[in-house]
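Before any comments, here is the structure.
Heads up: numbering here begins at 1 and tracks the sequence. Start at 1 and go down the list; that is how both ligands and their atoms are numbered.
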Amino acid sequence: MKYISTRGTAPTLSFEEAMLTGLARDGGLYLPETIPTLSPDEIAAFEGLPYEEVAFRVMRPYVGDAFTDEEFRGIIARAYDGFAVASRAPLKQLAPGHFLLELFHGPTLAFKDFAMQLIGQLFEFSLKRSGKRVCIVGATSGDTGSAAIEAFRGLEAVDVFILYPHGRVSEVQRRQMSTPSEDNVHALAVDGHFDDCQARVKDMFNDFEFRDAVGLAGVNSINWARVLAQVVYYFTSAVSLGAPHRKVSFTVPTGNFGDIFAGYIAKRMGLPIERLVVATNQNDILHRCLESGEYKPDGVIPSISPSMDIQVSSNFERALFEAYGRDGAAVAQLMEELKSGGFSVSQGAREALRESYDSDRVSEDETRAEIARQQAESAELLCPHSAIGTAVADRQRQTGTPMITLATAHPAKFPDAVEAASGVRPPLPPHMSDLYERPERITRVGNDLGAIEALIRERTGN
Ligand SMILES: *Cc1c(COP(=O)(O)O)cnc(C)c1O
């Protein structure tokens with residue numbers, strides 16, 4: 001399996017190379033040259049299998065000859081070993097025809113653990129084999145960073161630097177990043193928004209001298225291996241509701257478009273998904289773009305669902321690449337226009353996007369009301385992101401096809417917002433109950449590329 005860039009000019013890479021690189025050298029994102037398909041019989045055979053075995057069968061065609069079957073099975077087993085529940089991604093019924101896919105039973109209580117724990121094990125395996133060392137740099141609105149630090153803490157061939165917007169992540173998120181004591185872990189509080197953090201990470205990847213000197217590797221949601229890991233739970237959940245004999249729909253709380261794009265890949269692989277619904281908070285650029293074809297960032301308004309507070313949705317580039325019939329030059333042109341304020345999607349590409357995705361947005365008041373309503377009606381305490389999903393799902397549901405809403409984080413990750421909306425303060429699960437007592441370690445930095453690069457060079461001795 002070969003991987004190509006969404007901007008058409010970076011070298012074609014193997015799975016392992018694309019995984020270790022993250023962002024392509026032409027600024028694009030890697031995608032497999034072809035998307036493998038599974039037959040209805042192969043999908044039907046997933047019924048009753050352990051999560052890890054489905055993960056192996058779904059992801060195997062993408063990794064090529066990077067690992068033997070035995071090696072790959074071992075990597076997957078180690079990745080999901082630390083999850084709190086044996087099913088890994090349990091499905092709960094909220095109401096007739098409406099289901100909640102709980103993706104928050106990993107070590108940092110958000111769905112990002114599914115991808116990050118796998119990436120940690122993939123990196124460890126590959127780097128040990130090659131004797132190389134990498135420096136992982138990532139931007140986070142809260143959940144990616146904690147998941148990355150948890151996945152890489154203490155690994156020998158990796159340093160991990162996480163940039164997060166100072167004062168704009170929840171206390172639980174911050175503590176999950178600042179309390180691991182391993183020397184290879186560095187939490188950097190940047191004076192700026194998430195989009196600033198993400199832009200500085202992109203700048204570092206485009207500074208080839210720095211990139212090569214420190215051995216930069218990316219694990220942000222642009223990393224193909226992360227998207228791939230997320231394809232798996234679309235299969236396990238749909239099959240448990242009767243796929244491939246029955247169609248299902250999904251509603252996905254969306255920010256960087258990684259999770260919903262994984263659903264699109266599952267559909268392309270042959271999973272009978274009727275509708276994929278993008279749910280956004282008040283930072284609704286994706287909803288507006290899918291409605292109007294205009295992609296115009298206009299500043300982030302902080303919300304109670306901070307992991308979706310973004311205006312530059314990095315994985316959306318992959319959806320554009322597909323909508324433009326995999327025309328890398330057209331995507332490169334759009335991304336150039338984005339630098340000067342925004343772009344318009346062509347008529348044809350807009351229709352292709354509308355065919356793949358529905359969308360809706362939820363205000364702050366509606367989010368709070370939905371948390372309270374679900375608590376009252378289904379006895380489920382939802383985090384604000386998941387509540388945005390269930391609110392949209394309820395508006396978009398059609399009778400006949402089950403709707404699965406992805407619950408992206410545990411409510412205890414956002415206790416203040418959940419308590420304010422529902423009157424109930426969600427407790428941390430037992431294995432993290434001492435989080436508030438552990439000492440923190442944070443480095444504050446300006447929103448300045450030179451300063452951040454200097455710090456990373458100093459800490460890694462490059
Ligand atoms: C990251 C995140 C999202 C958004 O997911 P994307 O893949 O960026 O679209 C939604 N909810 C939570 C809790 C998250 O951490």
Side-chain angles (χ1 to χ4, degrees), residues 29 100-116 138-150 162 164-165 168-170 172-174 176-177 194-195 197-198 219-231 233-234 250-266 276-281 283-287 289-290 300 303-319 357 359 361-362 367 371 382-392 405-415 417-418 426:
L29 281 59
L100 192 71
L101 181 58
E102 292 187 349
L103 301 175
F104 50 69
H105 296 286
T108 68
L109 311 180
F111 82 92
K112 293 189 172 75
D113 287 324
F114 278 90
M116 211 60 87
T140 188
S141 53
D143 291 332
T144 302
S146 44
I149 284 174
E150 192 59 46
I162 297 297
Y164 70 88
R168 292 192 164 88
V169 298
S170 82
V172 174
Q173 290 174 321
R174 190 193 71 232
Q176 284 180 336
M177 293 189 278
F194 168 66
D195 285 340
C197 298
Q198 186 158 259
V219 295
N220 259 22
S221 64
I222 54 161
N223 192 304
W224 169 254
R226 282 191 52 190
V227 176
L228 178 59
Q230 294 168 188
V231 175
Y233 47 68
Y234 285 89
F250 288 92
T251 299
V252 186
T254 301
N256 259 324
F257 217 82
D259 214 5
I260 186 113
F261 190 75
Y264 168 86
I265 294 291
L276 280 170
V277 187
V278 170
T280 77
N281 67 17
N283 296 293
D284 59 352
I285 185 163
L286 289 166
H287 174 53
C289 180
L290 289 165
V300 172
S303 78
I304 58 169
S305 46
S307 303
M308 293 154 68
D309 283 349
I310 63 172
Q311 286 286 329
V312 180
S313 179
S314 51
N315 274 293
F316 192 52
E317 181 166 341
R318 288 192 164 109
Y357 307 100
S359 67
R361 62 102 72 178
V362 178
T367 307
I371 293 172
L382 299 178
C383 90
H385 312 76
S386 309
I388 287 168
T390 58
V392 167
T405 297
L406 273 53
T408 50
H410 192 288
K413 233 177 158 172
F414 305 92
V418 172

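For a threshold of 3.5 Å applied to N or O pairs, the pair formed by Thr408 and ligand 1 contains at least one separation below that value. When only interatomic distances are considered, the shortest N/O to N/O separation between Cys383 and ligand 1 does not fall below 3.5 Å.
Protein heavy atom nearest atom 4 (C) of ligand 1, with residue, atom name and distance: Gly255 N, 3.6 Å. Shortest contact from atom 6 (P) of ligand 1 to any protein heavy atom: Asn256 N, 3.5 Å.
Relative orientation of the His385 and Phe414 rings is tilted, given thresholds of 30° and 60° on the angle between their planes.
Here CG of Leu276 is found 8.0 Å from CZ of Phe250. Values are rounded to the nearest 0.5 Å. In this structure, Ile304 CD1 and Ile388 CD1 are separated by 7.0 Å, a value rounded to the nearest 0.5 Å. For the atom pair CG (Leu103) and CG (Leu406), the distance works out to 5.0 Å, reported to the nearest 0.5 Å. Separating the CE atom in Met308 from the CZ atom in Phe194 is a distance of 13.0 Å, to the nearest 0.5 Å.
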message: Phe257 vs Tyr357, test: ring pair (Phe, Tyr, Trp, His ring centres under 6.0 Å). Steps then yes/no.
response: CA-CA 11 Å; Phe257 217 82; Tyr357 307 100; 5.1 Å; yes
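Only the side chain of Phe111 comes within contact range of ligand 1, with a heavy atom under 4.0 Å; no backbone atom does. Contact annotation: for Lys413 versus ligand 1, there are no heavy atoms closer than 4.0 Å.
Heavy-atom proximity to atom 13 (C) of ligand 1, evaluated over Ile310, Asp143, Asp259, is greatest for Asp143. Atom 2 (C) of ligand 1 has its nearest heavy-atom neighbour, among Met308, Lys112, His385, in Lys112.
Side-chain polar atoms of Ser146 and Lys413 form a donor-acceptor pair below 3.5 angstrom. Between Asn315 and Arg318, the side chains place a donor N or O and an acceptor N or O closer than 3.5 Å (distance only, hydrogens not considered).
For ligand 1, the atoms closer than 4.0 angstrom to any heavy atom of Gly258 are 6 (P), 7 (O), 9 (O). Taking a cut-off of under 4.0 Å to the non-hydrogen atoms of Ala409, the atoms of ligand 1 that pass are 13 (C). Listed by number with element, the atoms of ligand 1 under 4.0 Å from a non-hydrogen atom of Thr254 are 9 (O). Using a 4.0 Å cut-off to heavy atoms of Phe257, the atoms of ligand 1 that qualify are 6 (P), 8 (O), 9 (O).
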